[in-house]
Protein chains: 2
Amino acid sequence: MPSDQTRSAILAAAERLYADRGFGDVTLRDIVAEANVNLAAVNYHFGSKDELIAELFVTRSIQTNRERLNELKAAEEKGGGRAAIEDIMRALVGPTLRGCLGPDREGSTAARFMIRASIESVPPIRRIKNREVDHLRKFAAAMRRAMPGRDDTELYWGLHFALAMAHHTIREKERLLRLSEGKCDLDDVRAIIDRVVTVTVMALTMGEVPASKPARPAVMHGRLTRQDL
Amino acid sequence: MPSDQTRSAILAAAERLYADRGFGDVTLRDIVAEANVNLAAVNYHFGSKDELIAELFVTRSIQTNRERLNELKAAEEKGGGRAAIEDIMRALVGPTLRGCLGPDREGSTAARFMIRASIESVPPIRRIKNREVDHLRKFAAAMRRAMPGRDDTELYWGLHFALAMAHHTIREKERLLRLSEGKCDLDDVRAIIDRVVTVTVMALTMGEVPASKPARPAVMHGRLTRQDL
DNA sequence: GATAGTTTCATACATATGTTTGAAAAGCAA
DNA sequence: TTGCTTTTCAAACATATGTATGAAACTATC
């Protein structure tokens with residue numbers, strides 16, 4: 001039975017330091033000092049610095065992906081096998097935004113680490129992100145089921161823009177805060193998710209020829225009540 | 001009269017190498033080898049590696065910002081002092097997207113450099129980006145003039161989302177291409193700009209109580225013909 | 001409690017990399 | 001030319017940093 005203690009201490013210390021100071025500024029020596037373990041322990045337990053970073057990122061990514069898929073599944077069950085498009089988008093951006101924003105999240109090391117990973121984009125993390133496409137395909141498939149008539153291209157652009165708004169909000173939240181002089185409330189995560197979802201669904205249904213009634217813009221800050229999808 | 005030759009050679013070589021291989025993989029020795037100058041020349045002419053990177057980025061940023069402001073000014077003159085919101089957004093995202101996307105841009109070192117800068121986010125560049133807020137305020141002001149009744153918060157979110165979609169498209173164009181299996185045409189820059197602008201204007205006018213006629217979704221891939229702004 | 005496997009530790013290794021230096025070369029004005 | 005400034009150059013510097021090593025400490029099974 002291997003004593004996980006050292007290993008966990010390294011992981012925790014590394015995540016904390018990377019979250020606080022970024023990947024560029026933190027050395028293995030910083031990490032082992034913080035974790036109170038020997039320098040060689042990192043290579044012993046993880047093989048290399050990059051593998052340590054990769055493990056940190058994979059762990060958090062898996063958590064987010066699992067949350068996403070759980071929400072997607074719930075949405076599909078709710079809709080009797082076919083989830084509503086707004087619920088799909090909510091499942092896509094909700095976990096990430098909830099994980100990285102919000103006032104209580106200031107203390108969450110995991111959240112701050114993921115924000116760093118989103119901003120700095122170091123090689124081992126880039127490699128992992130490239131494999132994320134398979135995960136996104138599941139959402140593309142669900143979207144296709146929700147909007148059967150829609151052209152695939154539109155679906156992909158919608159998915160892409162949803163992630164754009166979510167990730168950019170996380171990446172640039174400081175700038176948005178400064179630009180808006182604090183007027184944009186970045187702690188109200190629920191409202192932000194609503195906003196991103198609403199805009200995305202609008203983009204997705206845009207230009208769609210309505211079956212019977214003409215489409216009209218959804219009301220802000222509330223769930224969309226779309227009639228014919 | 002200082003011989004600018006060495007200086008320019010360094011700038012050109014650095015931009016080319018950074019564009020091709022990223023900031024993490026290129027050393028000063030790589031750069032001076034490419035430029036056929038002495039290693040010490042970098043510190044002599046620029047002071048430090050970071051200042052070299054900063055100069056590269058500032059130069060390109062100024063170009064983009066100037067293009068943006070020119071387009072904004074043209075839009076305002078066209079509208080008799082008050083630019084239409086879609087023209088403002090077009091002025092905001094157009095130059096960046098045109099600069100970084102498109103088939104002919106593959107060969108453009110400047111474009112590829114800016115994409116790198118957008119992806120890797122190295123410290124000297126981050127510092128410069130933080131000063132970008134002043135520039136964005138000019139667009140916020142123009143938007144406020146175009147949509148006088150609108151709440152400031154909505155304006156900032158619209159501006160933020162427009163940049164989100166533009167930058168994310170540049171950053172993640174490879175992924176979108178793979179996800180969509182080539183279906184999303186990332187070479188048709190004009191269509192992409194239209195798409196981003198359309199979605200943004202939609203987001204901005206969303207929930208707005210129309211003066212007389214009910215707002216309706218704009219037609220895709222064309223200029224918006226909005227009646228009452 | 002001896003043996004084998006696992007983990008920890010201090011230390012050394014290698015070396016990549018930005019920066020500095022001091023002299024030589026080139027340019028330029030008088 | 002002479003003298004001054006600017007630029008180039010080879011070499012050295014400093015040192016941060018990931019990784020490897022080999023012995024010691026620890027753990028568990030028999």
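Throughout, a chain's letter reflects where its sequence line sits, starting with A, and its residues are numbered from 1. Worth saying up front: this structure is predicted, and the values here are computed from it rather than measured.
- Comparing atom distances between the A:Leu39 side chain and each of D:dA11, C:dT11, D:dT6 picks out C:dT11 as nearest.
- Atoms CG (B:Asn43) and P (D:dT6) sit 18 Å apart, rounded to a whole Å.
- Side-chain atoms of B:Glu67 and B:Thr64 form no donor-acceptor pair, as typed in the model, at a separation below 3.5 Å.
- For the pair A:Lys49 NZ and D:dT17 C1', the interatomic distance rounds to 8 Å; values are reported in whole Å.
- When rounded to the nearest whole Å, the span between CZ of A:Phe46 and P of C:dT7 equals 12 Å.
- A donor and an acceptor atom sit less than 3.5 Å apart, one in the side chain of B:Asn38 and one in the base of D:dA10.
- Of the candidates C:dT8, D:dT19, D:dA12, D:dA12 carries the atom nearest the B:Arg29 side chain, counting heavy atoms from C-beta on.
- A residue-by-residue look at A:Leu28 and B:Tyr44 shows that B:Tyr44 has its nearest nucleotide of DNA chain D further toward the 5' end.
- Rounded to whole Å, the distance from CG on A:Asn36 to C1' on C:dA10 is 16 Å.
- In this structure, A:Arg7 atom CZ and C:dT6 atom P are separated by 15 Å, rounded to whole Å.
- Residue B:Thr27 places its side chain closer to C:dG18 than to any other of C:dT7, D:dT19, C:dG18.
- Atom-to-atom, CG of B:Leu52 to C1' of C:dT19 comes out at 14 Å; the value is rounded to the nearest Å.
- Between the CD1 atom of A:Ile31 and the P atom of D:dT17 there is a distance of 11 Å, rounded to whole Å.
- Under a 4.0 Å N-O distance rule, the pair B:Arg195/A:Glu154 qualifies as a salt bridge.
- Between B:His160 and B:Trp157, the ring planes are perpendicular. Angles over 60° get that label, and only those under 30° would be called parallel.
- For B:Phe113 and B:Phe23, the gap between ring centers is short of 6.0 Å.
- The side chain of B:Thr6 lies closest to D:dT8 when the candidates are C:dT19, D:dT8, D:dT19.
- Nucleic acid contact for A:Ala40: base, since at least one base atom lies under 4.0 Å from a heavy atom of the residue.
- Taking the six-membered ring wherever Trp is involved, the centroid distance between the rings of A:His168 and B:His168 does not fall below 6.0 Å.
- OP1 or OP2 of C:dT6 has not a single side-chain nitrogen or oxygen of A:His45 nearer than 4.0 Å.
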